[in-house]
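Since the structure comes first, as structure tokens, the remarks are kept for the end.
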Amino acid sequence: MLILTCPCCGVTAEETEFHGGGEAHLTRHGPDSDDDQFHDYLFMRENPRGVHFERWRHVYGCGKWFHAARDTVTLEVFGTYPAQTTEPPQHIREAISARRPGWSWRGLS
Amino acid sequence: MKRYSAFAIAREAMRHHEGWERAWASPEPKRKYDVIIIGAGGHGLATAYYLGKNFGITNVAILEKGWLGGGNTGRNTTIIRSNYLQDPSAAIFEKSRSLYETMSQDLNMNVMFSPRGVMMLAQTEHEVRGWKRTAHANALQGVTTEFISPRRVKELCPIMNIDGPRYPVLGALWQPRGGTARHDAVAWGYARACSAMGMHVIQKCEVTGIRSEGGKVRGVTTSRGDIDCDKLGIVVAGNSGHVANMAGFRLPLESVALQALVSEPIKPCMDVVVMANTVHGYMSQSDKGEMVIGGGTDGYNNYTQRGAFHHIEETVRALVETFPMISRLKMLRQWGGIVDVTGDRSPILSKTPLENCFINAGWGTGGFKAIPGSGWGFAELMARGHSTLCDGFELDRFREGRFVDESVAAGVAH
Amino acid sequence: MSTRLARGGRLIDRARPVEYRFNGRRLTGFAGDTLASALLGSGQMLMGRSFKYHRPRGPVASGAEEPNALVNLGEGGRFEPNQRATTTELFEGLTATSQNHWPSLDYDVGAVNTALSRFLPAGFYYKTFMSPRPFWKHLYEPFIRKSAGLGKAPTQPDADRYEHFHHFCDVLVVGGGVAGLLAAREAGRAGARVLLMEQTAHWGGRAPVDGDRIDGQAAEDWVRHIVTELEAMENVQLRLRCMGAGVYDHGYALGYERLTDHLPGADGPRHRLWRIRAGRIVTATGAIERPLSFAGNDIPGVMLASAARDYAVNWGVSVGDRVLVVTNNDDAYRTALVLKEAGLDVPAVVDARPEGGGELARRAEAAGIRVLKGKAVAKAKGGKHVTGAVISSQAGEGAMLEEIACDAIAMSGGWSPVVHLWSHCGGKLSWDEAGAMFRPDPDLPPTGADGAGFVIAAGAANGHLMLGETLRDAAEAGARAVSELGATPASPGALPAAEAPEEAPLFPVWMMPQGAGHELRSKAWLDYQNDVKVSDVRLAAQEGYESVEHAKRYTTLGMATDQGKLSNINGLATLAQRLGTEIPKVGTTTFRPPYTPISFGAIAGEARGETFQPIRRTPIQDWHEARGAHFEPVGQWRRPYCYPQGGETHGQAVAREIDATRGSLGLLDASTLGKILVSGPDAPRFMDMLYTNMMSTLKPGKCRYGLMCSENGFLMDDGVVARIDEQTFLCHTTSGGADSVHAHMEEWLQTEWWDWKVHTANVTEQYAQIAVVGPNSRKVLEKLGGIDVSAESFRFMDWKEGVLGGVRTRLFRISFSGELSYELAVPASEGRAVWDALLGAGEEFGATPYGTEALHVMRAEKGFIMIGDETDGTVIPQDLGLDWAISKKKTDYIGKRAQMRSHMADPERWKLVGLETVDGSVLPDGAYAVAEGRNANGQRKVQGRVTSTYHSPTLGRGIAMGLVLHGPDRMGEVLDFPKVDGEVVQAKIVDQIFFDKDGEKQNV
Amino acid sequence: MSEPVSALGGLRYEGFVRVEELPPRGMVTLRGDLGSEGLRRAVRDLTGLDVPDAGGVSQGAEHAVAWMSPDELLLLMPHAAAPEAVTQLQAALAGEHAMAVEVSDARAMFRLTGSGVREVVAKLAPVDMSRAAFRPGMIRRTRVAQVAAALWMPEEDCVELVCFRSVAAYVFGLLKVSAAKGGEVGAGY
């Protein structure tokens, strides 16, 4: 069972206090988008074996959403950061590079 | 293939069973096959079997990176039912269930299909209406089910507490010909039958790449060299996204861990399969005597074949509440498998952007019961380019918003 | 014949006899006995029957690895099947019965399977029982199920309670042997928070039995001292009877503490499940001795050498008068010496090693014990107990050299480290050729949240079987655990000095004798409980079940209740030999939790009965219960479905409640409705995104019915929105929807529009909400007084704040019934008082509380949709003719883009209409309207379905709503709705508003 | 105006620790920028207490201020004072983006007293309740068994726990079984 540290309230807690919210950094596509864009936005997921960026909500705590960088094979957590960003901050990317040289996810690396 | 029978056993007993031949050969891969199936799980082997049996296509290789039947085929809770709500689901699952009825004879391997009956409990008024709706749909789909009273539930499953303080049982959707089967034997039986048709079941052969030319599939690259093929079927639950990427397309699904557990074996006390969706638990008793229990999925991508223990807790407390007598039984073993879950939690049986490459994926938590039906339909799709059993499960349904949503009737599908 | 020795037994108190019953016989043991030691002390070697062949079974081990001695323990609410006699502490009045036999343990007809065993090889059931087809379900399967299954099924609810406990520590040490104790001390001295768990009731593990010395003291004394030292450390916790059950991701571990198994009836929980989060986990779980594979090695009286020694040293029990020892290593000589010292006869030690053993062997010979080198037991003789052994040379095929009479055989095939906990979470193993064992690979431990290894194996569990190495390795493990956590290990004190004899290397023996033919192999057991023999594993390999997982599943090797603790390695070796490869190439099967089975009760913990799941209660719940309401679960709430009076059926009660409400005055406890405040400068634009309607134009003081969709376009929730002020909206949601809708709002605010200035607050439970419904609702509110409710000043869809009947109240004039109707929201702490006041003031109008069913019927009479009935997660507002509630002006709202997809815009989508049965009957729930013909899969085509159906007391007939192909364009058409039994009910397509189409009643 | 009643009317249970439901307490949820001087002043003026740091609770004689999330405080006060407090806060914060809502009746409050309180909580909440990890002056939002709760320690050997009003009976039931005699753990908390 995972442990995560909520970057919003600083509490480190077990999985049962959080709610997983799926892939992070999705760009919302509204009425002006075409079918492909909307389809990808709603259904296409990275589902990688390895480094992944995902959303969590500290549902039994401060109630805030945040992001986590995690390895889906080893479950190692590289770091967590607030959700109010469109891409992972530099220090998170560096933390991943230190552990997984040459990693890539979508366009990122 | 030497036939299995009581007589054969008696004959072999006389010579210390030294005459039994291999259930399946382990040949070296050829340079080329008409059809390659990636994944020697139940679905992949069944697909190959029906390619041969129904369409005479036997120049087939089934490539398996590990050991055959080693994925979800050998990790599930062996429940077989077809009491689904939507027409496409009911069609393929009922086809599957009916094939299970005769599978032991078809494959000459006893897969121990046990049509002991499956009941889905209704524990809220909303569930009552949902299951009644399913019963009406099933009647028109040719699936035999009925909505039964709490008293009948108690008759069929005496160990159940039908008036618990929290969620009294208000009835159940009952499918008398649903049941269970011996999961490993299903994979072994298909492998043996495929091998007998001259197909190549090749274990410890990992596909590392998929080769194409002018938008057409050419073959695969494997840990045992390049192998060519005219048609390629990808049937690799738990790795679907990964392998699809090799073929150059993406899938609208995610992989999560699903857990199950068994108790120590006890004498027979439960003759039916019970699923309780409101409290999230389902249970049956294996022929060996173990209570076989299904848990929930983790809420995040996971390839570990392990799950978090709190899901086991949630399931077990639900079942202790529903079956108070199990409280002093003990959990013998828990395990996990990786399931691929799509946007509408229904499978994908479809052509792909790569010509002559087909995908069978996304069975989520309900794959085992679908093995023969899925193989039957997918084989037809691969051989003929169309199968009515696969209608509705196309890859592009998500783009059009044309979903096959079963969660409508059941909170959880297994 | 086993018996109690005149002296010895370090764990028993001969001054305290304990009475117990086995198969009805009254027997006596001593305090400190296990059930197994007590039974052996009473001369009862036969304790059970095996799974497949119903072979007679006696204990083969003395601890958690025991596969044979399983009993039905206790009675009634404390009955438990498959209890291991070897780990069951004896208590006064214990009752146990043996399992898996009929009619009796001694005479079991099932034992005929033994005679037939040659016809029942591995996997035989896959090859037969196939025809005729129906026979499987009706004949073969029932027979197989009956003969399988071991223990009886409990019949009564559990009499005990259970609980969980969340514990956090730096270092969890599993195993209270000398290694665990020492590792714990090292970590403890460094100041780390340490939890040390031991599965048995005693500290020290095997060392005190083996008779070696530590720091010049007997191991037993050294253990006593270190335990005292540990108990004095504030930062160290010690738990006995607490097993490390499993290791999970991120340093999570389960402890299974058995509190009252040995004191049944004592108050307090029976089991406590420790949910532990540890920085490092040290597994000092010791090693388990391996049986030797020789013919007849399953006959009662054949047991592990260590077990025979335990029974003598720990419990003063001899397993036989003449005990033959057979081994491939030195440790078994300890058993020979102990038994000899106890005055028993040890006719010989049969040592498979051509050169024999070391120091211990010499001591044995000095003690006058005959030692046969390079020899083997070709066959154990006997039926229900051992009578002798045929000796041959290990190198040969089993030709008899001599026969030695004996009534017990103590065997040792070497030791296997207990690597379960190391492996549960992905720790890898490496094969140790010299020790012929798998041991943890220190380079591939299970990794935690930070990617570092978090499990450290110590002592015998790490492959260090000699006392000296064990202590050194354990001390290192304890120090490493703390230093990896960033603490400084205590200054390394002098390592405890071990005094143990030099041991000669072991000689791997997988079959005895090595050249044994089929005759012997088919009587050499690997898995005692599941009856898997050497010949079975070889057959699996021969048939192509070459993967270790295939072989296991085909033969059921290692799938018994001991999960292969004794059989796995011998089985792997047998498979490897048959495949002509090495053991590490074959690999192991996966180790899965729990280490030994743990009770479902413990897993469920406190979540049973009243605390199984939360039941949410409104401030008025007590009244509903007192009034004898029939409840229905709605989410976690339980809402009154109706209030049956006298002998009323539910149907009659519902009809009465509707008549009273439509005729005069009804009251509904609507407190469960969700109430969410949305406030801030950007609240209006946020509301426009949340709802399909245009909410920003709503005027303060006004209400509007709104629809909420998911981003996938489907109708998710609905409710009345009241605008409080320019910046603030109060959103009502469905009862089930409050939490999910609030979460939905927060998700969009936090993750998509985080720059918008909006706050939300879920105030659902701050208020008791009561619907006052019916022609006299205005009058009753006027009686309470304080808010002007006159038709002119308080119009439909207005809301006001004020003091009503002395209570701060928010009053809404809204209607879900079509009646003149108000909903008042008051502080929850005064909700009950207001409810009582309304009943009082409403008495003259026959105020009638009504439940959810009356609510549903009345809304259906008015053609209002209900989330969960008209919607099911696949329905969009357009399907329900709710286009009027979808703003055309807005460029965007959540779900708008999804509703533009081809299938959503498809004119063929079913649309909502009213349905009226031709004969006035009630349409069945969920019935489908059939169309002509069948589809390609032979399924009957359909053209619509019922979404809600009720008997309307108001109209005196069945009414329904449904989704129908082109429904709104087909008014008056009659559709066929077949029941499950095929009988057809006909219904006409009509307008969905059945009652008071012009809304005269609600607008008075 | 009728006499406000708590969810369980002040139920009590004597186990190896005492469990009691407390009478109605005034509670106000305040959302806004906890760093803003205006907000901090408004809180001080109302309660005489400073805005606590993350994860903290500051306590006065009649008032307490609990940190709930980066943009949320829970203000505790006498039950009757809550409505006026909301008005006062709204006036004081008129200038900024903040929200003050009365939630007194949406909650139930329990007090646990006795040397075993840490153990009782640790049976139900996945929280490290050891003295080293959890001290008076801290607040922890978490779950007890299957429902949300917040808890703090006014002093050693005393825990106050807040949950939603509708699940008060469930939580009381949980606390009862966990505090029942014979369930002492002795984990050195």
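Note that the coordinates shown come from a computational prediction; the quantities given were computed from them, not determined experimentally. Each chain gets a letter, A, B and so on, in the order the sequences are listed, and its residues count up from 1.
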Seminar exercise, completed: Cut-off 4.5 Å, heavy atoms of chain C, and the answer for A:R55 is side chain
Problem set entry | Under 4.5 Å from a heavy atom of chain C, the part of A:F43 involved | side chain
Problem set entry | Leading residue by heavy atom contact count with chain C [cutoff under 4.5 Å; candidates A:A83, A:P31, A:A24] | A:P31
Seminar exercise, completed: Checking heavy-atom separations under 4.5 Å from chain A, one finds in residues 750-761 of chain C C:Q750, C:T751, C:E752, C:W753, C:W754
Exercise. Does a donor on one side chain and an acceptor on the other come within less than 3.5 Å for A:S109 and A:W103?
Worked result: no
For this session: Determine, stepwise, if the pair C:D892 / A:R28 fulfils salt bridge (charged side-chain N to carboxylate O under 4.0 Å, His left out).
Result: CA-CA 12 Å; C:D892 194 5; A:R28 178 170 188 260; 2.8 Å; yes
Problem set entry | Part of A:Y41 lying under 4.5 Å from any heavy atom of chain C | side chain
Problem set entry | Passing candidate, side chain to side chain donor-acceptor pair (under 3.5 Å) with A:D71, options A:R100, A:R49, A:H52 | A:R100
For this session: Please step through ring pair (Phe, Tyr, Trp, His ring centres under 6.0 Å) for the pair A:H58 and A:F18, ending with a clear verdict.
Result: CA-CA 5 Å; A:H58 193 181; A:F18 299 98; 4.7 Å; yes
Exercise. In terms of side-chain geometry, is the basic nitrogen of A:E76 or A:R70 positioned less than 4.0 Å from the acidic oxygen of its partner?
Worked result: no
Problem set entry | C:R897 to A:F38 six-membered ring, cation-pi geometry met (6.0 Å, 45°) | yes
Exercise. Are C:F454 and C:Y252 close enough that their ring centres sit under 6.0 Å apart?
Worked result: no
For this session: Please step through salt bridge (charged side-chain N to carboxylate O under 4.0 Å, His left out) for the pair C:E747 and A:R57, ending with a clear verdict.
Result: CA-CA 9 Å; C:E747 179 174 356; A:R57 186 185 183 205; over 6 Å; no
Problem set entry | Proximity breakdown for A:H29 and chain C, heavy-atom pairs closer than 4.5 Å | backbone
For this session: Identify the two heavy atoms, one from C:P446 and one from C:C425, that lie closest to each other, and give their separation to 0.1 Å.
Result: CB-O, 3.5 Å
Problem set entry | Contact origin within A:T85 toward chain C - heavy atom pairs under 4.5 Å | backbone
Exercise. Donor-acceptor pair, C:T611 side chain versus C:E606 backbone, under 3.5 Å?
Worked result: yes
For this session: Sort C:D450 into side chain, backbone, both or neither according to what part of it lies under 4.5 angstrom from a heavy atom of chain A.
Result: backbone
Exercise. So, for A:Y81 and A:H25, is the gap between ring centers shorter than 6.0 Å?
Worked result: yes
Problem set entry | Per-residue contact mode, C:Q899 against chain A (heavy atom under 4.5 angstrom) | neither
Exercise. Can you say whether C:T891 sits under 4.5 Å from chain A via the side chain, the backbone, both, or neither, judging by heavy atoms?
Worked result: backbone
For this session: For chain C, find which of A:T74, A:D35, A:D32 contributes the most heavy-atom pairs closer than 4.5 angstrom.
Result: A:D35
Exercise. Of the backbone (N, CA, C, O) and the side chain (C-beta and beyond), which part of A:I3 lies under 4.5 Å from a heavy atom of chain C, both, or neither?
Worked result: both
